[in-house]
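Presented below is the structure to which this report refers.
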Amino acid sequence: MSTVASRFLRGPVKDPAWERPALLALLATNALLYGWNLGINGWANSFYSAAVQSGTMDAKAFFFGSSDWGNSITVDKPPLSLWVMGISVRLFGFNPVAMLAPQVLMGVGTTLLIYMLLRRHTSAVAALFGAAVFFTTPIVTLMSRYNNPDPLMLLLMVAAAWFVLRSIETGRSGPFVVAGALLGLAFMTKQMQGMLSVPALGLSYLVYSPIKWPGRFRTVLSSTLALIVTGGLWMTIVDLIPENARPYIGGSTSNSVLELTFAYNGVERIVGSKLIPAAMQVPAQFRPVDSDAGIFRLFNANYNQEASWLLFSGILALILLAVRWKALPKSSPVRALVLISGVWFLTAFLLLSFMGNQIHTYYTAAIAPPLALVLGVALHSALSARSSVAVRLGGLAAALAALLSTWLILTGTSGWPTWLPTTVLATGIVAVSALIIRPPNQRVEMVAGVALACLVLIGPVSTSVHNVTVGFNGSNPLSGVMSKNPASISHLMESLRRNEIVWGHDIAYGRVPDRELIDTLARTSGCTWPAASYASQTAARLQLESGRPVMPLGGFAGSDPSPTLEEFKNEVEAGNICYLVQQEAFLEVQATESASTAISAWVEDNFQSEQLGNTTVYRLKHQ
């Protein structure tokens, strides 16, 4: 074996001999978990897949992140994540695996960064455990195999944390400026959600940077400027382009990226102020309360399978770190790592717990990196002071909380063996009991510790494995199996998947296209858009299967004023739209004053309907 290869497999001489092989095994397992059977999700979220497809067909659509390459409207996020997937499909062809492969790589890369962050100032055991906590988090597993923007956002946020810590360690300002640029790119990926770590990173630098205060402020200003440039350049360019020379900005009411950022993807997400028409309300059996916002939201049946298996342990671990603050090493980088982990974790936890009802369950992926960091540094702290009975009790209380959470979640869900929850809890209690008083020899302690670590990860690992064995699609994928709570979101999404709530199915999953309709659109020529239809998921499915651009009237939920009735009339008169594909159930829940309703009424009054398969269409241009 070559010297380079042996060094790679062995790692630094100062590290334990087993560490590098363990890290490589962990990353290989991570890659296998995320990459296994990757094509099972098909086009996953068709809304984003159609935008990736559009970017391969037209440079303008690529730049703006357009839903269709006729460039009628964009998706409701900046296009950075679409650009990454778009480059991949240009290299390897437009197919689901080529589109999702970058997501897998970004997920594994984030795991490695979690390890690297922790390993700078914690033991190998703590760093490896933190990395394992992150990559086995079920919603992280699911998102790393899906085409939502979350994997890129998490990678950029964790990379920014690494550069902030590096800046504090070296006393150089450059890494902190790089961190600002990376956070700007996280903003460019998912806007305000990409800023969740900013308070933690900014505070830790101001408190622990070794350079003098004037230099700190100059560095913060430089980093802020870098964030503004990388995060705001695209949106500034887009808003400066005349509206008639670019697609409509999806998700906004005024055709503005600025409004999309601070309203739709900002304030409205936090306070949930957007009024939902009565006809589009979720059925009463799935909303027993008006809002589940509160300190226990992430523990309820809607969210607990996603990222909450170790969440209560994380809270106890944070308390343990706060109690032991004075006992932590005095070096600034160590305390900076603890501060970054704790403040980031609290920021994500509180925002997710109390934000309005426009929260999606997969938003919980945002808490996985700081939770992994908190648990990693807390484990290191506990192991370093394991001779202290108080520290042992505190650490084991956190472990017991994880076991109880696992028992509660497993017993509250369907599909697991009936013996599994009790076996995990009982075996875990035995391991905890063996560690309460320091064992007589190190081997017993090691066996009990490894067993306990495996047991607290059984729940998320089992759920993550489940997530790679079944296909997910639509706009709100859920981790895990069905909850036993009939009012949970898992039952709602299953009802939508079965098309029991037709309008909801059309928005969340998109209507399954008729073969006759697809064949007709594929043969259609002479139009910029062979078809227009309501709600982006349905339009996206038509576009993906026909290989022709389809105009999504009203954007994602059909409620954007794009196009207006007059604009639609002008496109029809110009011969740019061949068919309107009707979606009766969707129209039934639209407000009477909406653009979608007005367009439908005008088309029905002026054109003759026909059937293509089971779908009603209106021929708007005779060929």
Any side-chain heavy atom of [X] sitting closer than 4.5 Å to one from [Y]?
X    : Y    : result
S464 : P138 : yes
N41  : P96  : no
P369 : F134 : yes
S475 : I507 : no
F163 : V177 : no
L201 : L183 : yes
M188 : M235 : no
D68  : V550 : no

(request) Under the side chain to side chain contact (heavy atoms under 4.5 Å, CB included) rule, what do I237 and F64 come out as? Steps first, then yes or no, please. (result) CA-CA 10 Å; I237 292 172; F64 288 107; over 6 Å; no

(message) Is there a side chain to side chain contact (heavy atoms under 4.5 Å, CB included) between L225 and V229? Walk through the geometry before answering.
(response) CA-CA 6 Å; L225 180 61; V229 170; 4.3 Å; yes

Donor-acceptor pair, side chain of [X] and main chain of [Y], under 3.5 angstrom:
X    : Y    : value
R246 : V238 : yes
S479 : E306 : no
Y534 : T538 : no
S308 : L298 : yes
T141 : F135 : yes
S341 : L337 : yes
N45  : F47  : yes
T361 : Y303 : no
R145 : L100 : no
Q305 : V481 : yes

Quiz question: by atom type and distance under 3.5 Å, do the side chains of [X] and [Y] form a donor-acceptor pair?
X    : Y    : value
S594 : S596 : no
Q543 : S54  : yes
N147 : S49  : yes

Can you label the angle between the [X] ring and the [Y] ring as parallel, tilted or perpendicular, going by 30° and 60°?
X    : Y    : value
W83  : F62  : parallel
F349 : F345 : parallel
F312 : F299 : perpendicular

Looking only at non-hydrogen atoms, find the nearest pair between [X] and [Y] and report the distance.
X    : Y    : result
W309 : G459 : CZ3-CA, 3.4 Å
N30  : V108 : OD1-CA, 3.5 Å
V133 : T136 : O-OG1, 3.5 Å
R541 : Y509 : CD-O, 3.3 Å
S536 : P552 : OG-CB, 3.6 Å
I367 : A348 : CG1-CB, 4.0 Å

How long is the span from the [atom1] atom in [X] to the [atom2] atom in [Y], to the nearest 0.5 Å?
X    : Y    : atom1 : atom2 : answer
L233 : I228 : CG    : CD1   : 12.0 Å
F187 : L156 : CZ    : CG    : 13.5 Å
L496 : M493 : CG    : CE    : 5.0 Å
L553 : S533 : CG    : OG    : 7.0 Å
I139 : T463 : CD1   : OG1   : 11.0 Å
L165 : T170 : CG    : OG1   : 9.5 Å

(message) Name the residue from L155, L80, L152 that meets the side-chain contact (heavy atoms from CB on, under 4.5 Å) definition with L185.
(response)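 Result: among L155, L80, L152, L80 is the only option passing the side-chain contact (heavy atoms from CB on, under 4.5 Å) with L185.
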
(request) Determine the sole option in Q193, K77, Q191, M106 for which the side-chain contact (heavy atoms from CB on, under 4.5 Å) test with M153 is passed. (result)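 Among Q193, K77, Q191, M106, the one that satisfies the side-chain contact (heavy atoms from CB on, under 4.5 Å) with M153 is Q193.
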
(request) For Q53 and M99, run side chain to side chain contact (heavy atoms under 4.5 Å, CB included): C-alpha distance rounded to whole Å, both residues' side-chain angles, the deciding distance at 0.1 Å, then the answer. (result) CA-CA 10 Å; Q53 178 193 33; M99 180 181 65; over 6 Å; no

(request) Indicate yes or no: does D506 engage R511 in a salt bridge with an N to O separation below 4.0 Å. (result)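 A salt bridge is absent here (no side-chain N lies under 4.0 Å from a carboxylate O).
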
(message) W43 vs F94, test: ring pair (Phe, Tyr, Trp, His ring centres under 6.0 Å). Steps then yes/no.
(response) CA-CA 10 Å; W43 292 118; F94 183 62; 4.6 Å; yes

(message) For a side chain to side chain contact (heavy atoms under 4.5 Å, CB included) check, start with the C-alpha distance between Y115 and L27, then their side-chain angles and the critical distance, and finish with the verdict.
(response) CA-CA 10 Å; Y115 164 83; L27 293 175; over 6 Å; no

